[in-house]
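Report on one structure; see the data block that follows.
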Amino acid sequence: MAFWKFFFKHDSSFASSLSTQLEKQNLTDKILLVKHLENRGTVVNIYLSFNSHINLYELEKLCDSVGWVRRPLKKVKIAIDNSFLTAALFYEQNKKKILIGFARATSDTSFNATIWDVVIHPEFQGQGLGKILMAQIVKQLRHQDINTITLFADPHVVTFYKHLGFITDPDGVKGMFWYPL
């Protein structure tokens with residue numbers, strides 16, 4: 001419960017107004033997230049889209065940009081198709097969407113959700129986009145009355161999630177894993 005008190009207590013007015021905007025629109029629409037972000041001397045507008053079609057090759061390229069191990073595209077498609085929620089950040093150039101951020105969540109649609117595959121292109125990191133992406137995913141899950149949200153984080157990004165209010169081992173719960181030998 002401490003996580004939610006922290007998260008909503010420290011919520012920005014921008015994220016709140018964006019949440020209101022999202023509620024008014026179909027979740028497949030693109031929403032202007034950040035206007036006039038400068039990238040390599042070019043000004044771009046960043047858009048957020050929920051549950052939109054994700055080009056698997058663009059997602060693979062995005063994941064490559066942060067050094068993730070490649071996964072079979074057929075399995076990635078199955079994972080995305082079976083996700084409860086997907087979110088994409090992109091900008092448009094010559095009427096083409098350029099994917100720069102992605103995250104997804106799985107859920108039992110009632111009590112629990114787990115956030116997976118949070119990625120922001122290195123050229124766009126450090127500008128608050130990951131924080132906004134996570135805030136909107138959490139808000140959408142909370143809007144569905146999901147109370148327990150978990151995620152798995154590589155050691156080098158644990159601090160990022162802690163700043164968003166996520167805590168490690170709440171109530172002394174220890175995760176357990178099973179892997180084939």
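Owing to the predicted nature of the structure, the values given are computational and were not obtained by experimental measurement. Index from 1, following the sequence. Scope of the values below: all heavy atoms of this structure, side chains included, with no hydrogens, waters or symmetry mates.
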Hydrophobic cluster identity match, [X] and [Y], side-chain contacts under 4.5 Å:
{"X": "Ile146", "Y": "Leu85", "result": "yes"}
{"X": "Leu129", "Y": "Met134", "result": "yes"}
{"X": "Phe166", "Y": "Ile137", "result": "yes"}
{"X": "Val66", "Y": "Val157", "result": "no"}
{"X": "Val118", "Y": "Ile54", "result": "no"}

**OP:** Would you check, one step at a time, whether the test side chain to side chain contact (heavy atoms under 4.5 Å, CB included) holds for Tyr161 with Ile115?
**Re:** CA-CA 11 Å; Tyr161 292 111; Ile115 299 172; over 6 Å; no

Once you round to the nearest 0.5 Å, how far does [atom1] of [X] lie from [atom2] of [Y]?
{"X": "Thr109", "Y": "Leu141", "atom1": "OG1", "atom2": "CG", "value": "11.5 Å"}
{"X": "Asn55", "Y": "Lys96", "atom1": "CG", "atom2": "NZ", "value": "7.5 Å"}
{"X": "Phe102", "Y": "Ile80", "atom1": "CZ", "atom2": "CD1", "value": "4.0 Å"}
{"X": "Asp81", "Y": "Thr86", "atom1": "CG", "atom2": "OG1", "value": "9.5 Å"}
{"X": "Arg71", "Y": "Leu59", "atom1": "CZ", "atom2": "CG", "value": "7.5 Å"}

Side chain proximity check, [X] to [Y], heavy atoms < 4.5 angstrom:
{"X": "Tyr47", "Y": "Lys97", "value": "no"}
{"X": "Arg70", "Y": "Asp64", "value": "yes"}
{"X": "Gln136", "Y": "Leu48", "value": "yes"}
{"X": "Leu164", "Y": "Val138", "value": "no"}
{"X": "Ile132", "Y": "Ile46", "value": "no"}
{"X": "Leu99", "Y": "His121", "value": "no"}

**OP:** Would you check, one step at a time, whether the test side chain to side chain contact (heavy atoms under 4.5 Å, CB included) holds for Phe90 with Glu58?
**Re:** CA-CA 11 Å; Phe90 62 92; Glu58 290 176 21; over 6 Å; no

**OP:** Looking only at non-hydrogen atoms, find the nearest pair between Tyr91 and Asn45 and report the distance.
**Re:** CB-O, 3.2 Å

Original post:
Quick one: salt bridge (charged side-chain N to carboxylate O under 4.0 Å, His left out) partners of Lys61, sequence neighbours excluded?
Top reply: none

Subject >> Sequence-distant partners of Asp145, salt bridge (charged side-chain N to carboxylate O under 4.0 Å, His left out), two or more places apart >> reply: none

Original post:
Of Leu62, Leu133, Ile98, which is the lone residue that meets side-chain contact (heavy atoms from CB on, under 4.5 Å) with Leu89?
Top reply: Leu133

Original post:
Looking only at atom types and distance, does a side-chain atom of Asn112 sit under 3.5 Å from a main-chain N or O of Asp108, one as donor and one as acceptor?
Top reply: no

**OP:** Please identify each residue that fulfils side-chain contact (heavy atoms from CB on, under 4.5 Å) with Thr106, with sequence neighbours left out.
**Re:** Ser83, Arg104, Thr114, Trp116

Original post:
Pairs in or reaching into residues 52-81: which pass ring pair (Phe, Tyr, Trp, His ring centres under 6.0 Å), with residues at least two apart or in two chains?
Top reply: none

Original post:
Can you name the residues that form a ring-ring contact (aromatic ring centres under 6.0 Å, His included) with Phe177, not counting sequence neighbours?
Top reply: Phe152

**OP:** Using the test side-chain hydrogen bond (donor to acceptor under 3.5 Å, both in side chains), find all partners of Asp154 that sit at least two apart in sequence or belong to another chain.
**Re:** none

